[in-house]
Amino acid sequence: MNRENDVTVSPEQFAGQVKWDAQGLAPAIVQDAQSKEVLTLAYMNEESLRRSIESGETWFWSRSRQEFWHKGATSGNVQRIVSLSYDCDGDALLVGVIPAGPACHTGRVGCFFNKAELAGAAAEAVGVDAVGAGAESERVLGSEPEFAQTSAAPAGEKGSAGRFDVLGELEGIIAERDRERPEGAYTTYLFEKGIDKILKKVGEETAESIIAAKNGDNAELRLEVSDLIYHLLVLLQERKLPLDEIMDELARRHERPRRD
């Protein structure tokens, strides 16, 4: 999603602003555009950057093999680029992608799976599908553990900049469910049933939101709209359409001149 202070330049200007090292390389951090998980760290040179921009998929320079490397050319696990930026110093790249499969050669989703055990750090499990489907879990699934409450602060207690953080968190959790398909998870059930089931749920939650609004029941409307937003996020993930693109479209509409 484009922020107010972001600067967008042409591909030629972009490459010219990168501070390549003595070998003509710059580290490229590859991040899942939906879950925000850092997938891998690779290296690009000016030519691999050009190929990445032109093809819309990641190309790197292999330092060990001394050759260009098109991610997924052999495995099929290509990475579709949805955003590309360099940092404030111009010496590192950040590539937002929608991956077609694991980024790591081990078959794991990402390469950063070796964790340090930090003294005094408590691992805090994030409530999985709670925000969008908390009420849905009570009505349909009973007390499924994955719908535990999140620890996020209520939106009203956050500054305006963080009001919608929970949507990004939920989008990331749904993307993780899609990749890993844990047994017994409601989101897994939706993905395995496919697009028709997801669309049916979107339709049902839309109708229930309309009924709640018509009845003037804001408590019920809050629950139904939460369910609707959750199922819409599942639909976007199934279609591999990042929420960022929806937010960008809303921003573009907001910037258009009024016609009245």
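It should be emphasised that the depicted structure is a prediction, and the values quoted were computed from it without experimental measurement.
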(message) Show the nearest heavy-atom pair for residues Ala103 and Cys111, with the distance to one decimal.
(response) O-SG, 4.4 Å
(message) Between Glu46 and Arg50 (salt bridge meaning N to carboxylate O under 4.0 Å), is one present in this structure?
(response) no
(request) Find out if a path of hydrophobic residues (ILVMFWY) with successive side-chain heavy-atom gaps under 4.5 Å connects Val30 to Phe112. (result) no
(request) Enter the distance from Leu25:CG to Asp91:CG here, rounded to the nearest 0.5 Å. (result) 13.0 Å
(request) Decide yes or no on side chain to side chain contact (heavy atoms under 4.5 Å, CB included) for Leu228 and Val202, but give the supporting numbers first. (result) CA-CA 6 Å; Leu228 175 58; Val202 170; 4.2 Å; yes
(request) Please examine the side chains of Leu235 and Leu199, heavy atoms only from C-beta on, and report whether any two atoms are closer than 4.5 Å. (result) yes
(request) Determine, stepwise, if the pair Leu236 / Ile174 fulfils side chain to side chain contact (heavy atoms under 4.5 Å, CB included). (result) CA-CA 10 Å; Leu236 292 178; Ile174 289 170; over 6 Å; no
(request) Check side chain to side chain donor-acceptor pair (under 3.5 Å) between Gln34 and all other residues, then give those that pass, not counting sequence neighbours. (result) Gln237
(message) Are the side chains of Tyr186 and Val234 in contact, using a 4.5 Å heavy-atom criterion?
(response) no
(message) According to a hydrophobic-cluster definition based on side-chain heavy atoms being under 4.5 Å apart (Ile, Leu, Val, Met, Phe, Trp, Tyr only), do Val109 and Val95 belong together?
(response) yes
(message) To check you understand the geometry: which heavy-atom pair defines the closest contact between Pro182 and Thr188, and what is its length?
(response) O-OG1, 2.9 Å
(request) Return yes if some donor-acceptor pair links the side-chain N/O of Glu205 with the main-chain N/O of His231 below 3.5 Å, else return no. (result) no
(message) Surrounding CZ of Arg181 (heavy atoms of other residues, nucleotides or ligands, distance under 6.0 Å), is the total greater than 12?
(response) yes
(message) Nearest 0.5 angstrom please: Lys214 NZ to Ile211 CD1, how far?
(response) 11.5 Å
(request) Calculate, to the nearest 0.5 Å, the distance between atoms OG and CD belonging to Ser52 and Glu47 respectively. (result) 9.5 Å
(request) State whether the number of non-hydrogen atoms from other residues, nucleotides or ligands found under 6.0 Å of Arg239 atom CZ is greater than 12. (result) no
(request) Report the distance from atom CG of Asp178 to atom CD of Glu238, rounding to the nearest 0.5 Å. (result) 8.0 Å
(message) Do Ile229 and Val225 have side chains that approach each other closer than 4.5 Å (heavy atoms only, starting at C-beta)?
(response) yes
(request) Say whether Trp20 and Trp69 are linked into one hydrophobic cluster, either directly or through other cluster members, by side-chain heavy-atom distances under 4.5 angstrom. (result) yes
(request) Decide yes or no on side chain to side chain contact (heavy atoms under 4.5 Å, CB included) for Trp59 and Met44, but give the supporting numbers first. (result) CA-CA 7 Å; Trp59 281 78; Met44 287 186 177; 5.9 Å; no
(message) Do Leu39 and Leu41 sit in one hydrophobic cluster, given that two such residues count as connected whenever their side-chain heavy atoms are within less than 4.5 Å of each other, even indirectly?
(response) no
(message) For the backbone of Phe60 and the side chain of Lys71, can you confirm whether one donor and one acceptor N or O come within less than 3.5 Å of each other?
(response) no
(request) Enumerate the residue pairs fulfilling side-chain hydrogen bond (donor to acceptor under 3.5 Å, both in side chains) with a member in residues 74-85, sequence neighbours excluded, ordered by first and then second residue. (result) Thr58-Gln79, Ser75-Asn77
(message) Side chains of Tyr230 and Thr187: any donor to acceptor distance under 3.5 Å?
(response) yes
(request) Hey, could you give me the CG/CG distance between Asn45 and Asp21, rounded to the nearest 0.5 Å? (result) 10.0 Å
(request) Report yes or no: does Glu245 contribute a side-chain atom to a donor-acceptor pair with the main-chain N or O of Pro242 at less than 3.5 Å? (result) no
(request) Could you state whether Leu94 and Val18 fall into the same hydrophobic cluster, counting links through intermediate Ile, Leu, Val, Met, Phe, Trp or Tyr residues with side-chain heavy atoms under 4.5 angstrom apart? (result) no
(request) For residues Leu167 and Leu243, determine if any side-chain heavy atom of one lies less than 4.5 Å from a side-chain heavy atom of the other. (result) yes
(message) Just verifying a value: how many Å separate Glu192 CD and Lys197 NZ, rounded to the nearest 0.5 Å?
(response) 13.0 Å
(request) Taking all non-hydrogen atoms of both residues into account, name the closest pair between Gln66 and Arg63 and its distance. (result) NE2-O, 2.9 Å
(message) For a quick test of reading the model, state the closest non-hydrogen atom pair linking Ala33 to Gly96 and the distance between them.
(response) CB-C, 4.3 Å
(request) Report yes or no: does Lys19 contribute a side-chain atom to a donor-acceptor pair with the main-chain N or O of Asp89 at less than 3.5 Å? (result) yes
(message) side chain to side chain contact (heavy atoms under 4.5 Å, CB included), that's the test. Do Thr40 and His105 meet it? Break it down for me.
(response) CA-CA 10 Å; Thr40 192; His105 73 282; over 6 Å; no
